[in-house]
Amino acid sequence: MHAGELTRALKVEAERLGFDLVGIAPATPPPHAERLAEWLAAGYAGEMAWLARNAARRIDPRQAVPGARSVIVCGVHYRAAEPDPALWNDPARGRISRYAWGDDYHDILLPKLRALQAWLEGRLGRAQIGRSYVDTGPVLERPLGALAGLGFQGKNTLLIHPRQGSWFFLGEILVDVELHYDAPQPIGGCGGCTRCLRACPTQAFAGPYVLDARRCISYLTIELKGPIPRELRPLLGNHIYGCDVCQEVCPWNQRWGRFSAWPEFRPDPERVAPRLLDLIRLDDEQFRARFRGSPIKRTKRRGLLRNVAVALGNWGDPLAVPALTTALNDHEPLIRGHAAWALGRIGGAAARRALETRYAGETDGWVRDEIALALAEA
Ligand code: SF4
Ligand code: SF4
């Protein structure tokens with residue numbers, strides 16, 4: 001079958017499977033791919049050392065999948081209607097990034113991508129023509145998306161479609177088949193705008209198009225496994241899982257941001273603006289039950305409760321002292337240390353008593369340091 005005809009049929013099938021966007025690029029290093037090495041060398045990846053381990057494979061899709069000739073990039077909208085702003089802005093509730101309001105997109109998108117790959121294999125009459133990836137593959141998703149015509153990379157580093165905004169997931173299929181390629185989007189769609197750079201709560205942009213992940217709330221609340229740096233904790237506000245600020249302020253989203261038609265990404269009300277005091281009390285089993293099928297399970301209980309403790313400290317209400325006192329005695333040192341910080345922020349006699357009692361019996365060196373600093377503050 002002619003490449004153009006096959007490509008047209010493939011796009012019809014992608015649409016039938018529910019994909020909102022589909023574009024196709026040659027399997028070559030996307031423009032500016034070498035910036036990954038510069039970004040890694042600057043240390044902006046923080047603890048995401050796995051990005052450095054296979055940087056060469058990431059830059060060139062042919063190294064990720066030998067023999068690859070084309071990259072099929074698919075997008076799915078995930079934006080859902082925002083909650084009542086009164087809930088959203090309540091510091092007693094946690095903010096969760098929109099992409100995590102519904103089911104885990106890895107579990108939803110990968111079978112769809114594999115179905116599209118299987119359709120293509122059926123048309124070609126041969127198997128194993130390539131590999132499908134969602135998020136975790138050794139590929140530069142956004143630059144490849146730009147090369148496949150799905151949008152331009154904004155100064156916030158996200159892929160922005162000029163008629164559909166940036167609230168979409170990406171998935172890729174690398175195949176050894178020649179297809180008809182889409183025209184890349186021209187760069188520079190941001191013009192003179194700098195809204196995202198100015199609105200970032202932690203000033204995480206080292207400059208336009210350059211994110212210092214070590215300061216980004218998405219990294220700090222999801223990727224980072226250890227303690228959140230003390231100086232950044234007050235800047236997190238009530239963000240407990242990811243952050244959408246640099247997408248919310250983007251004029252392309254305000255004008256064009258589409259809502260998702262996928263039922264899997266309909267918000268679970270428990271995940272949109274949950275009460276912090278409910279979350280800090282979750283034990284292991286309750287955490288697993290509440291976040292089964294959700295991307296939030298990725299942080300594990302200790303990561304989420306670490307974030308919740310920081311948000312409770314930022315709320316600053318003495319109502320949180322009893323629950324934080326329980327958290328100060330948790331079996332996880334990471335939770336104990338952040339609960340100590342929060343109690344120090346809230347202060348008062350009850351918080352101080354709890355800190356002094358725990359300090360007397362604490363054996364973990366890092367937690368003892370956190371308690372000592374919290375006592376100094378309280
Ligand atoms: Fe800043 Fe939030 Fe965007 Fe990260 S996700 S760069 S913290 S605005
Ligand atoms: Fe570009 Fe402005 Fe959107 Fe940032 S907010 S990505 S600068 S258009």
Side-chain angles (χ1 to χ4, degrees), residues 32 35-36 39 42-48 51 75 77-79 82 88-89 91 94-101 105 135 141-143 145-146 150-170 184-224 228-258 273 295-296 298-299 303-304 306-307 310-311 314:
H32 314 302
R35 286 189 191 154
L36 174 69
W39 184 75
Y44 293 145
E47 280 184 4
M48 296 184 286
L51 282 171
H77 293 297
Y78 62 80
R79 183 186 177 201
E82 285 76 15
W88 190 243
N89 294 319
R95 273 191 191 220
I96 291 177
S97 189
R98 284 169 180 74
Y99 85 81
W101 290 355
Y105 63 101
D135 188 31
E141 289 199 309
R142 294 170 192 166
L150 294 196
F152 63 91
Q153 274 199 281
K155 291 177 188 172
N156 62 5
T157 73
L158 299 171
L159 191 63
I160 301 172
H161 189 286
R163 288 272 186 281
Q164 306 199 30
S166 65
W167 302 109
F168 53 84
F169 297 123
L170 287 173
Q185 291 280 336
I187 52 169
C190 291
C193 177
T194 55
R195 279 196 213 180
C196 55
L197 310 184
R198 288 180 284 121
C200 174
T202 52
Q203 294 298 294
F205 292 104
Y209 312 104
V210 184
L211 177 70
D212 182 350
R214 296 168 302 180
R215 294 187 68 86
C216 172
I217 294 172
S218 292
Y219 168 82
L220 294 168
T221 56
I222 303 171
E223 305 294 340
L224 181 68
I228 296 172
R230 290 178 65 84
E231 70 279 12
L232 295 177
R233 293 176 198 169
L235 308 181
L236 265 57
N238 64 341
H239 289 99
I240 58 168
Y241 190 92
C243 166
D244 289 334
V245 171
C246 55
Q247 295 201 80
E248 285 164 355
V249 300
C250 180
W252 293 98
N253 278 336
Q254 290 173 353
R255 181 150 187 214
W256 298 111
R258 297 270 180 100
I296 297 172
R298 180 163 176 203
T299 59
L304 185 70
R306 168 198 63 184
N307 305 340
V310 170
N314 289 333

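Computed from a prediction, not measured in an experiment: that's the story for all the values here. Note that ligands are numbered from 1 as they come in the structure, with each ligand's atoms numbered from 1 the same way. Start at 1 with the first residue, then count along the sequence.
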Which residue and heavy atom of the protein sit nearest atom 3 (Fe) of ligand 2, plus the separation = Cys250 SG, 2.5 Å
Output the list of atoms in ligand 2 that are nearer than 4.0 Å to some heavy atom of Ile160, sorted by atom number.
-> 6 (S)
Is Cys193 close enough to atom 2 (Fe) of ligand 2 to have an N, O or S atom under 2.8 Å?
-> yes
What residue and heavy atom of the protein are closest to atom 1 (Fe) of ligand 2, and at what distance?
-> Cys190 SG, 2.2 Å
State plainly whether the residues Arg298 and Glu223 are in salt-bridge range, i.e. N to O under 4.0 Å.
-> yes
Could you list which atoms of ligand 1 come closer than 4.0 Å to a heavy atom of Cys243?
-> 2 (Fe), 5 (S), 7 (S), 8 (S)
Interfacing atoms of ligand 1 (cut-off 4.0 Å, heavy-atom, Ser218) = 5 (S)
Numbering as shown, the atoms of ligand 2 that approach Asn156 to under 4.0 Å (heavy-atom distance) = 6 (S)
According to the interplanar angle, ranging from 0 to 90°, do the rings of Trp101 and Trp88 count as parallel (below 30°), tilted (30 to 60°) or perpendicular (above 60°)?
-> perpendicular
Of the side chain and backbone of Ile217, name the one, both, or neither that has a heavy atom under 4.0 Å from an atom of ligand 1.
-> both
Which residue and non-hydrogen atom of the protein lie closest to atom 4 (Fe) of ligand 2, and at what distance in Å?
-> Cys196 SG, 2.3 Å
Close-contact set for ligand 1 against Thr202 heavy atoms, below 4.0 Å = 7 (S)
For Phe205, the ligand 1 atoms with a heavy-atom partner under 4.0 Å come out as 6 (S)
Check whether any heavy atom of Leu197 sits under 4.0 Å from an atom of ligand 2.
-> no
Nearest 0.5 Å please: distance from the NE2 atom of His77 over to the NE2 atom of His161.
-> 7.5 Å
Determine whether Ile217 and Val245 make a side-chain contact, defined as any pair of heavy atoms from C-beta on separated by less than 4.5 Å.
-> no
Over all heavy atoms of both residues, which pair between Arg142 and Leu159 is shortest? Give the atoms and the distance, please.
-> O-CD1, 3.6 Å
Between Tyr99 and Tyr241, what is the ring plane arrangement, given parallel below 30°, perpendicular above 60°, and tilted in between?
-> tilted
Is Leu158 touching ligand 2 with its side chain, its backbone, both, or neither, if touching means heavy atoms under 4.0 Å apart?
-> neither
With a cut-off of 4.0 Å, which atoms of ligand 1 are near a heavy atom of Val245?
-> 8 (S)
Shortest non-hydrogen contact from Glu47 toward Tyr219 | N-OH, 2.7 Å
What is the nearest protein non-hydrogen atom to atom 8 (S) of ligand 2, stated with its residue, atom name and distance?
-> Trp252 CD1, 3.5 Å
Is Cys246 close enough to atom 3 (Fe) of ligand 1 to have an N, O or S atom under 2.8 Å?
-> yes
Between Phe205 and Leu211, which heavy-atom pair has the shortest distance, and what is it?
-> CE2-CD1, 3.9 Å
What atoms of ligand 1 come within less than 4.0 Å of a heavy atom belonging to Leu211?
-> 6 (S)
Closest heavy-atom pair, Ile240 versus Ala311, reported as atoms and distance to 0.1 Å, is CG2-CB, 3.7 Å
Ignoring hydrogens and angles, tell me if any N or O in the side chain of Lys155 forms a donor-acceptor pair with the backbone of Gly207 under 3.5 Å.
-> no
By number and element, which atoms of ligand 1 are closer than 4.0 Å to a non-hydrogen atom of Cys200?
-> 1 (Fe), 6 (S), 7 (S), 8 (S)
Check Ser166 against Ile160 and note the closest heavy-atom contact, atom names and distance.
-> CB-CG1, 4.1 Å
